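Every heavy atom of this structure was used, including side-chain atoms; hydrogens, water molecules and symmetry mates were not. Not measured: the values here are computed from a predicted model.
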Amino acid sequence: MGAWQYVIGIGLALLGLYTLWATRNQYRFIKAKGNKDTSPFVMWGMWSSSLIGFVLVMVGITTFFGQW
């Protein structure tokens, strides 16, 4: 795969890290400003966002090191 392996691996890992960072910021916002009008399903969305971010980081690392 050559040099593209490293580019794709770094890109996926960075995308996953951004997803985890955005999820953390959203959690802090909801914790500080959430009220009774906040949807009870928001935590499911944050959980799935965290899972997607974690998977992207793992796939990025695996791709970078060529274990794919």
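- In this structure, the ring of Trp21 has its center less than 6.0 angstrom from the ring center of Tyr18.
- The hydrophobic clustering, which links ILVMFWY residues whose side-chain heavy atoms are closer than 4.5 Å, places Met58 and Leu14 together.
- Side-chain contact check for Gln5 versus Phe65: every heavy-atom pair is 4.5 Å or farther apart.
- Between the side chains of Thr23 and Ser50, not a single donor N or O lies within less than 3.5 Å of an accepting N or O.
- Expressed to the nearest 0.5 Å, how far CD1 of Ile30 lies from CG of Asn25 amounts to 11.0 Å.
- Residues Lys31 and Arg28 form no side-chain contact, since every pair of their non-hydrogen atoms from C-beta on lies 4.5 Å or further apart.
- Between Trp47 and Met43, the closest side-chain pair of non-hydrogen atoms is not below 4.5 Å.
- Inter-residue side-chain proximity for Lys33 and Thr38 is flagged as unmet; no heavy-atom pair is nearer than 4.5 Å.
- Judged purely by atom type and a 3.5 angstrom limit, Ser49 has no side-chain atom pairing as donor or acceptor with the backbone of Gly45.
- Leu20 and Met46 fall into different hydrophobic clusters, defined by Ile, Leu, Val, Met, Phe, Trp and Tyr side-chain heavy atoms under 4.5 Å apart, directly or through other members.
- The two residues Val57 and Leu17 come nearest to each other via the heavy atoms CG2-N, 3.7 Å.
- Note: Ile61 CD1 to Ile10 CD1 = 11.0 Å, rounded to the nearest 0.5 Å.
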